[in-house]
Amino acid sequence: MAIPQKGPCRYRCILQLPEITIESGIFKRKKDAEKSAAEMAIEKLGIQISTDSRTPQEASDLLVERLTYLFSNEFLSSDPPHPLSGHLRAALEREGDLCGLVPLSVMAVYDSRLNNLCKCINPKVESNPFLVIPLIMGAASRLPELVATSEGQLSIWRKNIYPPEVIESLVNQQSGAPQSNLVEAIHIPCSQEKAIELVILDISSTGYYLDVIAKKLDLTDAAKVLISRAIGKASSETRLYFAAHQSYLIEPSSDHTNAKEALHSEVSLNARASYLSSQDIYGDAILASIGFTWRSKDLFYEDVSVQSYYRMLINKIPSGIYKLSREAVLTAEFPSAFTTRTNWRGSLPRDVLFTFCRQHRLSEPVFSSISIPLKAVSESPGSSKKLKVTDSSEEDTERASGGAISTDARESVESAVSYQCEIKIFSRSQDLIIECSPKDSFKKQNDSIQNTSFKIISWLNMYFKDLNLPSEKLNSTANDLDVQFSHENFLKEFVLCRSIHTVHHTETEGVKFLEPNTMSMLNTIPEQGVQSLNIEGPDSGVFPSNGSLLCISYSVFLVTEGEHMKENLESNPEFEFEIGVGAVIPHLEAAVTLMSIGQSACFKMELPPKEFILAAAVNSARTLSLLSSKSCCLEYSIRLLQVTEPLEDRMEQALFSPPLSKQRVEYAVQHIKESGATTLVDFGCGSGSLLDSLLNYPTALEKIVGVDISQKSLGRAAKILHSKLSNNIGINSAILYDGSITDFDSRLCGFDIGTCLEVIEHMEEEQACLFGDVVLSYFCPKVLIVSTPNYEYNVILQKSSPPSQEEDPDEKTQSQSCKFRNHDHKFEWTREQFNHWATELAAKHNYSVEFSGVGGSADLEPGFASQIAVFRRICPPQGEDLSKNADTEHHYQVIWEWSSSTSSS
Ligand code: SAH
Ligand code: MG
């Protein structure tokens with residue numbers, strides 16, 4: 001934040017972190033303000049920078065010091081409020097004997113500084129956080145004047161009461177008495193036989209919320225409750241609460257399993273709660289989102305519904321993480337291929353991997369990137385570097401000194417190396433669990449990272465889909481995906497998964513995750529595959545093909561047999577996905593391939609695992625009652641809104657650098673500059689990419705015109721040009737016309753230069769011929785530049801389509817069967833066909849023609865990716881009469897017009 005004032009600017013840095021906002025002092029330099037804010041944040045958050053350098057003895061002393069501070073007068077009213085100070089204040093509101101008693105478990109959880117010091121004294125705190133409690137009791141015993149603890153109570157309290165001023169100031173700070181506050185929480189019984197249940201915490205009355213939670217757990221008071229780590233995001237206050245038991249506080253003997261067994265004999269592990277928190281939790285537990293935070297002195301709380309519980313549960317598995325990121329639990333699937341970033345929707349593979357590791361409390365994945373000089377890998381067939389851009393040789397010298405060169409320079413740097421990426425995943429205790437080091441190399445480092453992440457996620461996904469997968473299958477798939485894993489370490493980390501996401505096969509429908517207690521319920525539902533796909537609406541003829549990006553609207557309902565009852569589980573008015581890569585459930589993918597734009601369809605499907613249904617359902621109670629009382633199924637109702645054939649754009653961006661479209665534009669710009677033209681018409685200007693780029697370069701142009709039949713594109717072009725033209729000194733007139741370039745319009749006669757980039761293939765062949773005739777015989781520009789795809793080049797494009805398609809041979813054949821680069825293309829010509837068209841046209845109208853192109857090269861088969869013809873007028877037009885006679889022939893409609901004189905007023 002820059003602070004306006006007389007004289008030099010001053011800075012204050014405001015740092016917004018998930019839990020607190022830090023405001024620095026005022027500094028002359030921005031950097032100093034930032035540094036100060038960061039230091040304050042580190043202090044406030046209790047982040048300890050140099051853990052290793054501290055001896056246990058030093059840490060013990062600091063622990064005593066910290067405890068002294070935590071029970072000081074200042075701490076109670078600290079600002080911003082420390083979460084623990086909230087508990088100290090709340091403890092003072094407890095009634096009777098409990099007044100002022102602070103549960104030790106709170107001390108163990110809410111002060112990270114204290115926690116770090118304890119880890120330093122006893123590293124086992126890392127795996128058993130409750131070992132903090134005896135350490136605090138030890139430290140407290142060194143402060144007999146200040147605090148007292150009671151082992152039986154698991155509480156700590158300050159011996160001297162706080163001075164009345166301090167207490168009074170607290171009362172003043174309170175922002176009104178709490179109103180009727182009922183918070184939803186989830187009771188997770190220890191026994192998996194019992195279903196989870198919604199419980200309501202009534203925190204309306206003054207007092208201590210932990211006492212309320214204790215009551216729900218049938219415990220006398222807060223001191224008997226232990227609190228887990230926060231679950232989910234870093235800023236989350238969602239935690240598990242469960243009964244304290246003396247045995248947690250006993251340091252496990254050297255033989256870890258023995259200690260666990262001893263524990264087990266008294267209370268048993270709560271598998272669901274432990275799985276959610278990645279921490280051992282025994283007995284019944286309550287999952288609630290409540291607590292004091294850095295943000296405010298008031299208690300923060302939020303409902304944890306049945307739906308949120310199931311969302312947390314599916315967020316532990318890769319496909320669930322992805323589904324949630326798409327907000328499409330019943331519809332989306334983690335795709336089976338990472339084609340391109342442009343087609344990917346939802347969390348990227350790398351981000352899914354990060355979330356997965358965090359959810360399972362593993363260490364952050366370790367990425368190592370290897371850059372390889374291109375020569376070393378140059379001979380792998382179909383690899384993208386073969387498609388490296390080479391501009392036509394005649395252009396090379398020009399470009400070496402001109403303005404557009406920077407792209408060439410960048411190009412040569414980029415092409416010098418390619419990237420491979422290796423990822424390792426370690427447990428908290430640094431045991432290697434998974435390692436993936438594919439040999440695939442990529443032009444862009446990020447692509448290599450996504451590719452390797454994708455492979456790990458795909459493998460994990462397969463594991464989580466079928467936890468009973470025979471180990472040979474697990475190994476062979478790992479092999480296919482370049483994944484190596486340590487069986488022992490892997491199973492150790494994921495041992496609980498099996499009991500939580502229990503797998504159940506059915507004949508028609510892949511896999512089910514079911515909790516054991518729900519088995520009987522789902523068994524009553526008859527097996528159903530997809531039923532009666534009904535497609536409605538007129539056939540528009542535009543069908544999706546693999547690689548298309550689709551946009552659909554959909555709703556999913558839970559329906560009972562006979563459709564007496566229907567509950568909407570999930571809806572989306574605009575949902576985009578790439579088709580052909582399993583980005584949606586198979587039934588949906590199968591259905592949309594049969595539909596054309598504008599059509600609707602409806603189909604029924606047997607139920608997916610219960611955890612997905614409940615993660616989607618807003619009304620859990622109703623959904624559960626439907627599920628338990630009747631036999632039901634899912635009904636999908638979809639409508640195909642849009643199909644974008646991205647293959648061409650995708651390839652132009654992925655395989656050429658700079659993208660092919662940019663190279664075409666630059667080629668044209670170069671010619672326009674050279675020609676010294678003052679007037680230009682761009683035929684089929686689309687969204688104005690050429691006109692827009694032209695404004696970036698100094699040219700002799702004074703008047704520019706664009707023509708297109710798409711009003712939508714023209715609208716976009718107008719917007720771009722409008723914002724740019726005011727800064728351009730050379731051009732004094734710009735017009736956009738709506739019209740077909742096969743029609744004559746006298747206003748276009750006598751222009752210096754015409755361009756027509758990637759347009760003719762969007763017309764029927766006769767229309768393309770007609771366009772040629774109209775331009776060269778009526779408009780008569782001095783130069784006309786026409787570009788169109790080279791059909792012969794498609795083999796290369798399709799062979800080297802984005803990397804992950806190579807994994808799936810079926811995919812590849814399908815993508816090869818797509819004839820043209822874009823579904824809107826009416827034709828794509830070979831070099832010979834294009835030469836024929838252009839040579840004939842030139843001869844007929846007394847023009848010369850030269851051939852060139854961009855992407856690939858002229859003398860290397862199969863020539864350029866985009867072929868270009870440059871027509872030049874041989875002699876000046878016969879006379880003025882033509883344009884004069886046709887003065888009134890206006891077939892185009894002005895969509896937008898700009899002139900320097902009107903705009904400057
Ligand atoms: N020249 C632009 C757009 C190419 S896409 C570029 O290089 O980015 C093809 C364009 O041709 C589309 O905008 C389409 O609307 C336009 N088009 C197709 N047939 C046309 C016709 N008969 N008259 C004018 N424009 C046409
Ligand atoms: Mg095209």
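Heavy atoms only: backbone and side chains are in, while hydrogens, waters and symmetry mates are out. Whatever order the structure lists them in is the order used to number ligands and atoms, beginning at 1.
The side chain to side chain contact (heavy atoms under 4.5 Å, CB included) test with Leu748 singles out one residue from Val707, Val775, Thr679, and that residue is Val707.
Without hydrogens or angle criteria, Glu574 side chain to Ile552 main chain gives no donor-acceptor distance under 3.5 Å. In terms of modelled atom types and a separation under 3.5 Å, the side chain of Ser740 and the main chain of Thr742 share a donor-acceptor contact. At least one donor-acceptor pair closer than 3.5 Å links the side chain of Gln450 to the backbone N or O of Arg350. Of the possible polar contacts, one joining the Asn790 side chain to the Phe864 backbone as a donor-acceptor pair under 3.5 Å is found.
Ile709 N, 3.4 Å is the protein heavy atom nearest to atom 25 (N) of ligand 1. For atom 6 (C) of ligand 1, the nearest non-hydrogen atom of the protein is Ser689 OG, 3.8 Å. Here the heavy atom of the protein found nearest to atom 11 (O) of ligand 1 is Val759 CG1, 3.4 Å. Ranking protein heavy atoms by distance to atom 23 (N) of ligand 1, first place goes to Ile741 N, 3.0 Å. The protein heavy-atom contact nearest to atom 9 (C) of ligand 1 is Glu758 O, 3.4 Å. Given atom 7 (O) of ligand 1, the protein heavy atom at minimum distance is Leu757 O, 3.4 Å.
His722 and Trp896 have perpendicular rings, their planes meeting at more than 60° on a 0 to 90° scale where under 30° would count as parallel. Classification of the Phe871-Trp837 ring pair by plane angle, with boundaries at 30° and 60°, yields perpendicular. Trp344 and Phe334 have perpendicular rings, their planes meeting at more than 60° on a 0 to 90° scale where under 30° would count as parallel. Taking the six-membered ring for Trp and thresholds of 30 and 60 degrees, Tyr892 and Tyr737 have ring planes inclined between 30 and 60 degrees apart.
Here atom 2 (C) of ligand 1 lies nearest to Gly684 when heavy atoms of Ser661, Gly706, Gly684 are compared. Considering each of Asp738, Asp708, Asp743, the one bringing a non-hydrogen atom nearest atom 15 (O) of ligand 1 is Asp708.
Atoms of ligand 1 lying under 4.0 Å from any heavy atom of Met763, numbered from 1 in the order shown and given with element: 19 (N), 22 (N). In the vicinity of Cys685, heavy-atom distances shorter than 4.0 Å reach the ligand 1 atoms 2 (C). In summary, the atoms of ligand 1 found under 4.0 Å from a heavy atom of Gly739, numbered by their order in the structure, are 23 (N), 24 (C).
At a 3.5 angstrom cut-off on N or O pairs, Thr742 does not count as close to ligand 1.
Using a 4.0 Å cut-off between a side-chain N of Lys or Arg and a carboxylate O of Asp or Glu, Lys673 and Glu666 do not qualify as a salt bridge.
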Exercise. When you look at Phe834 and Phe827, which way does the ring pair (Phe, Tyr, Trp, His ring centres under 6.0 Å) test go after all the steps?
Worked result: CA-CA 11 Å; Phe834 184 54; Phe827 64 83; 9.5 Å; no

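Summarising the local packing, NE2 of His891 is surrounded by more than 12 heavy atoms from other residues, nucleotides or ligands at distances under 6.0 Å.
Taking 4.0 Å as the cut-off, Cys756 does not count as a neighbour of ligand 1 on heavy-atom distance.
Of all the heavy atoms of Gln767, none lies under 4.0 Å from any atom of ligand 1, so neither backbone nor side chain is involved. Of the heavy atoms in Ser740, both backbone and side-chain atoms come closer than 4.0 Å to ligand 1.
Heavy-atom minimum distance, Ile753 versus Ala677: CG2-CB, 3.8 Å.
Around the Mg ion (ligand 2), the protein N, O or S atoms closer than 2.8 Å are Glu761 OE2, His762 NE2, His825 NE2, listed by chain and residue number.
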